[in-house]
Amino acid sequence: MKKIFFFLIILNFYLLFGQIKIAHTKSFSSLPFLYLMENYLSIDGEELAFYSCKDSQDIVKKFINNQIDLCLLPLSVAVKTYNNVSQDFICLGLSQKSDFYLVTKNQELSDLDSLQGQSLYLQGQNSISDLIAKYYLPENIFSFDYSYSNAQLPSLIINDKISYAILFQPFLSICQTYDSQNIRAYPLSQFTGEDKKSFPLMLLIVRKSLLEEKTETINSFIKIFSDSCNNIIESPESSAALLERYSFDLDYQEVITAIKSLTFEFESAGSARENIESTLNIYLEKMPEVIGNNLPGDEFYY
């Protein structure tokens with residue numbers, strides 16, 4: 001009888017207060033969540049439960065199966081999932097963005113025509129790097145090679161294994177840390193004469209039903225998440241220690257350098273929408289299938 005009594009108390013607690021399930025991966029983009037793990041056990045009476053996932057596809061799978069409520073997803077992954085799989089989520093805002101650069105040790109690069117036929121290395125066909133490179137760079141100059149990840153490209157450039165790569169932050173700063181004298185980084189926008197632009201990388205996503213049910217709690221979460229982004233930039237040493245504590249296989253000094261270069265600054269969905277849609281329009285022009293062939297409507301943005 002006592003066991004049943006205590007079970008009912010516990011069940012009543014979770015029905016009353018519940019749990020917000022948050023997914024993260026072992027990547028720089030998850031740093032705001034690591035800060036929350038260290039500093040917040042609950043918010044407005046709701047327990048914050050954090051779950052480690054292998055990658056963004058693992059997060060999507062768990063989201064669809066109702067195993068998580070809140071996460072960070074790359075822009076294209078979030079929008080394609082919304083368009084093709086499930087509309088049970090809403091974009092709360094943008095957590096990370098970056099410029100994109102052509103990185104090389106070529107000290108005499110004056111124009112792209114002289115690079116005809118050269119291999120250009122970048123992570124992942126149909127990735128954000130692939131999109132921005134194809135947007136800014138003329139066709140038929142480079143031969144694109146997708147053999148390596150963003151994390152591998154800096155050492156390959158430094159050690160003269162490859163000559164040209166597309167990098168964004170924090171990977172550019174890691175590269176420059178080891179060879180600042182020889183590394184050259186050219187903003188891709190300079191090849192079209194456009195102004196430099198930071199493109200959206202990661203979106204903060206919440207389950208639609210949870211937002212509708214607990215709007216004030218999610219608003220409170222947005223506030224502490226935004227504060228978390230600010231704390232990471234203001235305290236890079238502490239942030240690097242967080243990555244070490246959670247067994248991220250990253251060099252401590254590299255992490256400090258990387259964090260100083262990151263643009264962790266939460267921007268609400270309403271404020272970020274213009275930049276998000278501008279980038280999605282490039283997807284529609286260059287590789288529409290990557291985002292599910294459509295722009296999401298008003299209901300996608302909080």
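Counting from 1, the numbers follow the sequence of the chain as shown. Computed from a predicted model, the values in this text were never measured in an experiment.
- Residues H24 and S52 meet the side-chain proximity criterion, which asks for heavy atoms closer than 4.5 Å.
- Open room surrounds CD on E265; 12 or fewer heavy atoms of other groups in view lie less than 6.0 Å from it.
- Residue E299 places its CD atom among more than 12 non-hydrogen atoms of other residues, nucleotides or ligands, all under 6.0 Å distant.
- Counting heavy atoms from C-beta on, the side chains of R273 and L280 never come closer than 4.5 Å.
- For the atom pair CG of L120 and CD1 of I166, the computed distance is 4.5 Å after rounding to the nearest 0.5 Å.
- Here K208 contributes atom NZ and F89 contributes atom CZ; the two are 11.5 Å apart, rounded to the nearest 0.5 Å.
- Between I43 and L36 there is no side-chain heavy-atom pair separated by less than 4.5 Å.
- Residues V103 and C175 are in side-chain contact: their nearest non-hydrogen atoms beyond the backbone lie under 4.5 Å apart.
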Donor-acceptor contacts under 3.5 Å from residues 197-204 side chains, at least two apart:
| residue | atom | partner | partner atom | Å |
| --- | --- | --- | --- | --- |
| K197 | NZ | S278 | OG | 2.8 |
| S198 | OG | D99 | OD1 | 2.9 |

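- Taking CG of N84 as the start and CD of E289 as the end, the distance is 10.5 Å to the nearest 0.5 Å.
- The local environment of CD in Q107 is crowded, with over 12 non-hydrogen atoms from other residues, nucleotides or ligands closer than 6.0 Å.
- In terms of modelled atom types and a separation under 3.5 Å, the side chain of S42 and the main chain of G45 share no donor-acceptor contact.
- Using modelled atom types, one side-chain atom of K105 and one backbone atom of I158 make a donor-acceptor pair closer than 3.5 Å.
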| query | Would K61 and D55 satisfy salt bridge (Lys or Arg N to Asp or Glu O under 4.0 Å), going step by step from the backbone distance to the final call? | reply | CA-CA 10 Å; K61 181 180 177 181; D55 53 30; over 6 Å; no

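- Of all the heavy atoms in K286 and P288, the pair that sits closest is C-CD, 3.8 Å.
- If you take OG on S98 and CD1 on I128, they are separated by 10.0 Å, rounding to the nearest 0.5 Å.
- S209 and E213 share no side-chain donor-acceptor pair at under 3.5 Å.
- Hydrophobic clustering of Ile, Leu, Val, Met, Phe, Trp and Tyr side chains at less than 4.5 Å, counting indirect connections, keeps Y51 apart from V206.
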List, one per line, each side-chain donor-acceptor pair under 3.5 Å for residues 217-230, sequence neighbours excluded.
| residue | atom | partner | partner atom | Å |
| --- | --- | --- | --- | --- |
| N219 | OD1 | Y302 | OH | 2.7 |
| N219 | ND2 | T215 | O | 3.4 |
| S220 | OG | D44 | OD2 | 2.8 |
| S220 | OG | E216 | O | 3.1 |
| K223 | NZ | D227 | OD1 | 3.4 |
| K223 | NZ | D227 | OD2 | 2.8 |
| S228 | OG | P32 | O | 2.7 |
| N230 | ND2 | S226 | O | 3.4 |

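- The shortest distance between side-chain heavy atoms of T25 and D58 does not fall below 4.5 Å.
- Minimum interatomic distance between L72 and S95 (heavy atoms only, all atoms of both residues): CD2-OG, 3.4 Å.
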| Going through the checks in order, is the side chain to side chain contact (heavy atoms under 4.5 Å, CB included) test met by Q125 and F144? | CA-CA 9 Å; Q125 192 166 15; F144 283 23; over 6 Å; no

| said: With side chain to side chain contact (heavy atoms under 4.5 Å, CB included) as the criterion, how do K214 and I20 come out once you've worked through the C-alpha distance, each side chain's angles and the decisive distance to 0.1 Å? | reply: CA-CA 10 Å; K214 300 176 179 178; I20 298 176; 5.7 Å; no

| task | Just do the side chain to side chain donor-acceptor pair (under 3.5 Å) check on E267 and S271 with the steps written out, would you? | result | CA-CA 6 Å; E267 190 175 353; S271 175; 3.0 Å; yes

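- The shortest heavy-atom contact between L122 and A133 is CD1-CB, 4.2 Å.
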| Test log, rule salt bridge (Lys or Arg N to Asp or Glu O under 4.0 Å), inputs K21 and D69 | CA-CA 5 Å; K21 300 180 287 294; D69 304 308; 3.4 Å; yes

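- C71 is listed as a side-chain neighbour of F63, based on a closest heavy-atom distance under 4.5 Å.
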| request: Any chance you could lay out the side chain to side chain contact (heavy atoms under 4.5 Å, CB included) test for L102 and L109, step after step, and finish with the verdict? | output: CA-CA 11 Å; L102 173 63; L109 178 59; 3.9 Å; yes

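- Side-chain contact between N293 and N83 is absent, with no heavy-atom pair separated by less than 4.5 Å.
- Of the possible polar contacts, one joining the T81 side chain to the V77 backbone as a donor-acceptor pair under 3.5 Å is found.
- Between I205 and Y82, every side-chain heavy-atom pair lies at or beyond the 4.5 Å cut-off.
- To the nearest 0.5 Å, the span separating CG on N150 from CG on L167 amounts to 7.0 Å.
- The minimum heavy-atom distance between S76 and Y283, with the atom names listed, is CB-OH, 3.5 Å.
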| field | side chain to side chain contact (heavy atoms under 4.5 Å, CB included) assessment of Y35 paired with L31 | value | CA-CA 6 Å; Y35 178 85; L31 264 170; over 6 Å; no

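- Of all the heavy atoms in N106 and Y186, the pair that sits closest is O-OH, 3.5 Å.
- Annotation: the span from L156 atom CG to I162 atom CD1 amounts to 5.0 Å, rounded to 0.5 Å.
- Shortest non-hydrogen contact noted between I174 and P154 is CG2-CB, 4.3 Å.
- For Q116 (side chain) and N140 (main-chain N/O), a donor-acceptor pair under 3.5 Å exists by modelled atom type.
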| Between D145 and S147, is a side chain to side chain donor-acceptor pair (under 3.5 Å) present by the stated rule, with each step listed? | CA-CA 6 Å; D145 191 306; S147 301; 2.4 Å; yes

